[in-house]
**Student:** 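The structure follows.
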Amino acid sequence: MSSAQTIPVKVGVVVDMDEYAEMTLTCISMALSDFYDNHNHYRTRLVLTNRDSKGDVVGAAAAALDLLKNAEVQAIIGPMYSDQASFLIALGNKAQVPIITFSATSPSLSSLRSPYFIRSTLNDSSQVDAVGAIIQAFGWREVVPIYVDNEFGEGIMPFLTDALENVNARVPYRSVISPLATDDQIAAELYKLMTMQTRVFVVHMLSRLASRVFTKAKQLGMMSREYAWIITDGITNELSSMDRPVIESMLGVIGVKPYVPKTQELENFRTRYMKTIRSNSPQMLIPNFDIFGLWAYDSAIALAMAAEKATVTNPTYRKANVSVNSTDLEEFGKSEIGPGLIQALSTITFKGLSGDFTLVDGQLQAPPFEIINMVGPGDRTIGYWTKENGIVKELNFTSPRVNTYSTSKLNLGSIIWPEDPSTSPKGWVVPTNGKRLKVGVPVKQGFREFVRVTWNSDNTTKVEGYCIDVFDAVMASLPYGVPYDYIPFATRDHRMIADYNELTYQVYLGNFDIVAGDVTIVGNRSRYIDFTLPFTESGIVMVVPIQDDKRKNTWLFVKPLTWEMWLTSFCSFLFIGILIWILEHRINEDFRGPFWYQVGMIFWFGFSTMVFTQKERVVSNLARAVLIIWFIVVLILTQSYTASLTSMLTVQKLQPKVNDVGDLIKSQEYVGYLKGSFVKGFLIGMKFDPSRLREYDSMEQLDEFLTKGSKNGGVAAYFHEIPYVKLFLGKYGSKYTTAGPTYKANGFGFVFPIGSPLVPDVSRAILNVTESQEMVEIEKKWLGDNKITCPESDIYPFKSLGLASFWGLFLIVGIVGVLAFIFYVIKFLHEHWSIIRRPDPESTVWSKIVELLKEFDNKDLRSHTFQRVQNRDDIGFCSSCMHSPQNANYQQSPQSPWTPRPLLRNVHFQVEQGEPSQVTLNQEIEFANIIATEQVEDPYLADRARKGKSVL
C-alpha cells in the first residue's frame, strides 16, 4: 500500500566498483534509509541504479549514457574522479539531468559551464589560501608543487600559483608525475628535486600515488630536517585508507583538510556504518569511511529533499526526434522534471554529517580548514585556518568574529618536522649538483679602492677591494657553504660594459647569480632584482672647492648676533640709562649738572653697565631694583656673545665657493658625476641641464676638473655618495669641502634575483659583519685610518644668536622698568599734588606741567641724601672745620654777626647753584680765608667748602 502511494524517482550512481565504492554506496543507502524513516510522509522516493565506471573516463561515460538512455534516470550521483566528470557534465546538460558529484574536486569543473552540475564536495581552489598562509607563516620564499598529471592535478595549479604570489613565494619549478609512473620514474623526478635549492614541496594528488611518492622520498633521504612537505586535502581526506608504513614515512608532513564538526549524530552514524558493513560483507575487510562518504551521505539527503520540493508527479523523459542514422548520444531525450529538480536542489540548506550543506552557484561552501601534522601513527591537529581570521589556535563559533587576518606561526601548536629538529626547515639549501654561483663584479677606472680587477698574463683575473672583502666576509659567516666565482663585467679589452643599471640587469637575465660591488640600492633597479641590506653609509653630498674668505673676517665681531639682536640691545641700554637718570635726578648729585652733561651721563651710565664700569652711585631703591635685573640680563648677553664669538674664531675660516645647489642650477655651472653612476639621473631629476653635466673616471681627473673650474673646461662642483666623497676628501681634503644638504640614498648593497632565498640570510650576515671588528680592519685596509671621516664643520654653517633666544629677558627688564617708572611718577605727583589742585584760575594745564617739570629738575632737599649733609653741618662749623672752637682765627665781630652753620649751608647750596648768596661779601671772603688757612678734619666738609671757595 505504501509503495502504491509513493512516486519513484530514478537516480543513477556512477562509481568505481571497488572497496572505496563499497563505502560510498553504503553511505548513500544509509542516507536514504535514515531520511525516509524520518520523513515517511513524503510522496517521492529515490530509487538507486548503480553503474560501474571501471576506473577510467570511457567507462564512466558509458555508464552515464546507459543510465540516461535505458534507465531514464532523473539525476546522477557521481562520478568519483575529476577526469571522469567533464563528459558526464556535458551529458547531463544535454538531457537536463542534474549531475551531483561528491568527490570530483578539480576547479576546472566549474558549475558555471553547466547549470545542471552540482558539486557537493569542496572545490580544490578553496584550500590554496590555507596553504599560502602556512608558507607565509614560516617565511618560505620558494615552493615546488608536486602534482599528478591529470585534470585533478592541473586544475589547482593556477589558483595555487596565485595564492603563493600573494604571500611573496615563487614557484621556480613544477614537478609533474604521471598517475601511471613507475617507481623508477618517480625516483628520477625526486632526484631532480634534490639537485635544486628549494626544499619546500606542496603535494597534490590522490592517496594511491602519494603513497608511492612518500615511500620513495623516504628511501632517498628526502624526509630529513632540511625538507618541508605540505599535502592538500586530496591526500589528507584519505589518510585512513593508507597503509601504516606509508603513514610512518610521512613523519613531519603538514597538511590541510576540511573541518568536520564532531557531533553526536556523526558518532552514531559511525557505529551504524560499521554494523552495516559487517552484515553486508562479513568476510571482507571493512573500509573506513572518510569525508567523501559523508559528502555522499549529504548529497543523497539533499537530492531526496529536492525531489520532494520540486513536486514531482510524473518523472519521465521527453523523447528526442532522431533519424535512422542517429547515434546513441542523440537517441535519449530530456528529463521533464530536470529543470525543477535542479532549481529545488540549488536552494536546499541543512546541517549534514559533514557540516552545513549550502550551495552557492552550484558549489558547496567551504568550511574552515584543519591544519594537521603527521606524527607517526596518524595525524594531529595543530591549528585552523578560516577565511576571515587566517591561522588561529581554536575555532570559536559563539564569540563575534574579529576581522583580523593572521599568518603567525605562533598560532600553531607544536610541530614535529622530518627527523624532529628543534627549528622549522629553512626551505632551501645550496644545490647539490655542484653548481658554483656566478658573481658579477664591475670593472672600474677610478675609485678602485672599492673594486679592483686585475688581469694576469694567463688571462685569469684577480678581484679585490673594499666591497669584495666585505662580500667574502659576509658569505664566510653564513651557516653553510656557498661556492662562487667572480666574473668581471667587461669587454675583451678589459673595459666595463655599459653602466651599473646594465650590470644589475644581468642578474634578471640569469647571466649572473649575484652582483658584488659598489652598487647603489636604487628604486628603479629593485623592480627586477632584490637587494640585501646596505653595508655602507647612505646619502649623496655636493663637493666644491674651498676659499679663504678674509674679507668677511673684518666684521666678524658683529656676526655672533643678528641685527635684530644688536638693535634691541642698543635700545635696551639706552632705556636703562634714561630710566636710571629719571629715578636719580632729584636726589643724586651725580645725575645733575648742565644739560649736555646729563645727556652724556645717560649714554655713559647705560652702556657702561655692559662691562660693569660705572662709578656713579645709585641711591634710589627703585633704581637699584631695576639694575639688579638688568645686571643679570647683561651678564647673560655678554657671556652668550663671548661664547658665540669664541666658537666662530675656533672653527675653520675656509668657506665653500658654492653654498647652495639652487645657485648652481641658476648660474648654469658645469657639475661632475662618476661615469656609469646613477647620480646622472639623480642630477637630471634635480633640474640640472643635461648638457651641463660632465663625467669623470677617476679621482685624479675629478681633481683636475675642480681645479680648472666651470669656466675653464672643468666643473664647479660634483655630487656623489658619501663613501666616494670620504675617499676623495681623504686625499684632497685640503682643497675641497662638502656643502649643502645630504640627499637621501640607500648605500651599497649586493644584488640577487627576485625571491632568492639567500637574501634574508645574507642581510643578517651583513649586520653581523658590519658590527664586528673585521669591518674596521677592512675599512682600514682599503680606506685608511682617517679617510673614513668627513669634515662636518662646513656642512652645517654657523648661525648667529637671534632675538628669539633672548626676548624673554628683554621682556622681564621692560616690565620691571615700566613698573618702576609708574611707581616713581605716582609718588612724584602725590608729593606735588598741591600744584595740580591749585585753585588759581589763571593756571593752565600746560603751565602746571611746566611747573611740575621745574620741580622735577630741582633738588629734593627732603631726600635722605641731602639731609645727611645738613646733619653734618649742624654739628658746628668749629667742631667740623676747625681744630677747636677757641681758634684764634675765628673772631666774631659786631660788624659781621653770623654763625658758621648758616654760612656753610648757604655756601654749599646757594653758591654752588649760582644763586645770590644771603651772606655779605666780607663774610664770604672771611669763610674762604678760613678754609684756605685752616685744615678741616672732615673731608666731606672740606671738599664742599673748597667748591664754595672756587665759586667765590
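Since we're looking at a predicted model, the values are computed, not measured.
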**Student:** Please report the interatomic distance CG(L48) to CG(L25), rounded to the nearest 0.5 Å.
**Tutor:** 8.5 Å

**Student:** I would like to know whether S354 and D298 meet side chain to side chain donor-acceptor pair (under 3.5 Å); could you show each step before the answer?
**Tutor:** CA-CA 7 Å; S354 62; D298 292 342; 2.6 Å; yes

**Student:** Within the supplied structure, the quantity of interest is the number of heavy atoms (other residues, nucleotides, ligands) at a distance under 6.0 Å from R272 CZ; does it exceed 12?
**Tutor:**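 Correct, the count exceeds 12.
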
**Student:** So, for V202 and V131, which heavy atoms are closest and what is the spacing to 0.1 Å?
**Tutor:** CG2-CG1, 4.0 Å

**Student:** Any donor-acceptor pair under 3.5 Å linking the side chain of E370 with the backbone of Y384?
**Tutor:**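 Flag not set: sc E370 to bb Y384 has no pair under 3.5 Å.
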
**Student:** How would you list all residue pairs meeting ring pair (Phe, Tyr, Trp, His ring centres under 6.0 Å) that involve residues 145-191, not counting sequence neighbours?
**Tutor:**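 Qualifying pairs, neighbours excluded: F152-H204.
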
**Student:** Under a 3.5 Å distance rule, please check whether T215 uses its side chain to pair with a backbone N or O of V246 as donor and acceptor.
**Tutor:** no

**Student:** Is it true that a side-chain atom of S299 and a backbone atom of W295 form a donor plus acceptor pair closer than 3.5 Å?
**Tutor:**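 Checking the backbone N and O of W295 against the side chain of S299, a donor-acceptor pair under 3.5 Å is found.
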
**Student:** Evaluate I348 against L303 for side chain to side chain contact (heavy atoms under 4.5 Å, CB included), listing each step before the verdict.
**Tutor:** CA-CA 9 Å; I348 294 298; L303 186 58; over 6 Å; no

**Student:** Verify side chain to side chain contact (heavy atoms under 4.5 Å, CB included) between T49 and V13, making sure each step is shown before the conclusion.
**Tutor:** CA-CA 6 Å; T49 302; V13 179; over 6 Å; no

**Student:** Quick one: do the D184 and T182 side chains pair a donor with an acceptor below 3.5 Å?
**Tutor:** no

**Student:** For L122 and P258, which heavy atoms make the closest approach, and how far apart are they?
**Tutor:**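 Minimum heavy-atom contact is CD1-CG, 3.4 Å.
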
**Student:** Taking C-beta and beyond as the side chain, do Q197 and W428 meet within less than 4.5 Å on heavy atoms?
**Tutor:** yes

**Student:** To check you understand the geometry: which heavy-atom pair defines the closest contact between I231 and F214, and what is its length?
**Tutor:** CG2-CZ, 3.5 Å

**Student:** Has S126 got a side-chain atom pairing as donor or acceptor with N123's backbone, closer than 3.5 angstrom?
**Tutor:**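 Confirmed, S126 side chain pairs with N123 backbone.
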
**Student:** Compute the centroid of each ring, for W417 and then for Y227, and state whether the two points are separated by less than 6.0 Å.
**Tutor:**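 Distance test on ring centres: not under 6.0 Å, no.
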
**Student:** Side chain to side chain contact (heavy atoms under 4.5 Å, CB included) for I230 and I134? Distances and angles first, verdict last.
**Tutor:** CA-CA 9 Å; I230 301 174; I134 296 173; 4.1 Å; yes

**Student:** Could you verify whether a donor N or O on one side chain and an acceptor N or O on the other, from S108 and S106, lie under 3.5 Å apart?
**Tutor:**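 The answer is yes; a qualifying pair exists.
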
**Student:** Verify, without hydrogens or angle tests, whether N373 (side chain) and R380 (backbone) share a donor-acceptor contact under 3.5 angstrom.
**Tutor:** no

**Student:** Using 0.5 Å steps for rounding, measure from the CG atom of D149 to the CG atom of L209.
**Tutor:** 10.5 Å

**Student:** Rounded to the nearest 0.5 Å, how far does CE of M23 lie from OH of Y273?
**Tutor:** 6.0 Å

**Student:** Do N150 and E154 have side-chain atoms, one donor and one acceptor, less than 3.5 Å apart?
**Tutor:**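 Distance-only check fails for N150 and E154.
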
**Student:** Regarding E189 and S175, do their side chains bring together a donor and an acceptor under 3.5 Å, going by distance alone?
**Tutor:** yes

**Student:** Who pairs with T198 by side-chain hydrogen bond (donor to acceptor under 3.5 Å, both in side chains), at least two apart in sequence or on another chain?
**Tutor:**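 Listed in chain order: E142.
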
**Student:** Centre-to-centre under 6.0 Å for F102 and Y297, is that the case here?
**Tutor:**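 Ring-ring flag for F102/Y297: false, centres at least 6.0 Å apart.
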
**Student:** Check whether any side-chain N or O of R119 sits under 3.5 Å from a backbone N or O of L109 as a donor-acceptor pair, and report yes or no.
**Tutor:**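 Between the backbone of L109 and the side chain of R119 there is a qualifying donor-acceptor contact (under 3.5 Å).
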
**Student:** How far does CZ of R225 sit from NZ of K426, to the nearest 0.5 angstrom?
**Tutor:** 13.0 Å

**Student:** Checking T161 against R174: is there a side-chain donor and acceptor pair closer than 3.5 Å?
**Tutor:**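 Judged by distance alone, the side chains do pair up.
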
**Student:** Okay, side chain of T407, backbone of Q136: is any donor-acceptor separation there less than 3.5 Å?
**Tutor:**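 Flag not set: sc T407 to bb Q136 has no pair under 3.5 Å.
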
**Student:** Side-chain donor-acceptor pair under 3.5 Å between Q185 and S178, yes or no?
**Tutor:**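 There is no such pair between these side chains.
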
**Student:** Is the backbone of E238 close enough, under 3.5 Å, to the side chain of S207 for a donor and an acceptor to pair up by distance?
**Tutor:**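 Judged by distance alone, no pair lies under 3.5 Å.
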
**Student:** Quick one: do D379 and K257 make a salt bridge, cutoff under 4.0 Å?
**Tutor:**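 Yes, this pair counts.
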
**Student:** Would you find a donor on one side and an acceptor on the other, under 3.5 Å apart, between the side chain of N237 and the backbone of D233?
**Tutor:**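 Answer holds: yes.
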
**Student:** Going through the checks in order, is the side chain to side chain contact (heavy atoms under 4.5 Å, CB included) test met by F292 and T121?
**Tutor:** CA-CA 8 Å; F292 292 111; T121 183; 4.1 Å; yes

**Student:** Please examine the side chains of L395 and Y259, heavy atoms only from C-beta on, and report whether any two atoms are closer than 4.5 Å.
**Tutor:**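 SC-SC contact between Y259 and L395 confirmed.
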
**Student:** Kindly indicate whether the side chain of F138, heavy atoms from C-beta on, has any atom under 4.5 Å from the side chain of V200.
**Tutor:** no

**Student:** Does E248 reach the side chain of L251, with side-chain heavy atoms less than 4.5 Å apart?
**Tutor:** no

**Student:** Check whether any side-chain heavy atom of I342 lies under 4.5 Å from a side-chain heavy atom of I118, and answer yes or no.
**Tutor:** yes

**Student:** Just by modelled atom types, is the N511 backbone N or O under 3.5 Å from a matching donor or acceptor in the K438 side chain?
**Tutor:** yes

**Student:** With distance as the sole criterion, is a donor-acceptor pair present between the side chains of N411 and S406 under 3.5 Å?
**Tutor:** yes

**Student:** Between R199 and W140, is any pair of side-chain heavy atoms under 4.5 Å apart?
**Tutor:** no

**Student:** Please check if the number of heavy atoms outside Y508 that lie under 6.0 Å from its OH is greater than 12.
**Tutor:**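 Open.
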
**Student:** Would you mind reporting whether R170 and L164 have side-chain heavy atoms less than 4.5 Å apart?
**Tutor:** no

**Student:** Which pair of heavy atoms, one from L412 and one from I391, lies closest together, and at what distance?
**Tutor:**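 Minimum heavy-atom contact is CD2-CG2, 3.5 Å.
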
**Student:** At their closest point, which heavy atom of K216 faces which heavy atom of D183, and how far apart are they?
**Tutor:**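 Smallest heavy-atom distance, with atoms named: CE-O, 3.9 Å.
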
**Student:** Side chains of V256 and T236: does their closest heavy-atom pair fall under 4.5 Å?
**Tutor:** no

**Student:** Roughly how far, to the nearest 0.5 Å, is CG of N93 from OH of Y116?
**Tutor:**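 So the gap between those two atoms works out to 7.5 Å.
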
**Student:** If I compare all heavy atoms of A169 with all of V143, which pair ends up nearest, and what's the gap?
**Tutor:**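 Between these two residues, the closest heavy atoms are CB-CG2, 4.4 Å.
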
**Student:** About how many Å separate CE of M250 and CE of M242, when rounded to the nearest 0.5 Å?
**Tutor:**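 CE of M250 is found 4.5 Å from CE of M242.
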
**Student:** Using a distance-only test with no angle check, is there a side-chain donor-acceptor pair under 3.5 angstrom linking S224 and E419?
**Tutor:**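 Per modelled atom types, S224 and E419 side chains form no pair under 3.5 Å.
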
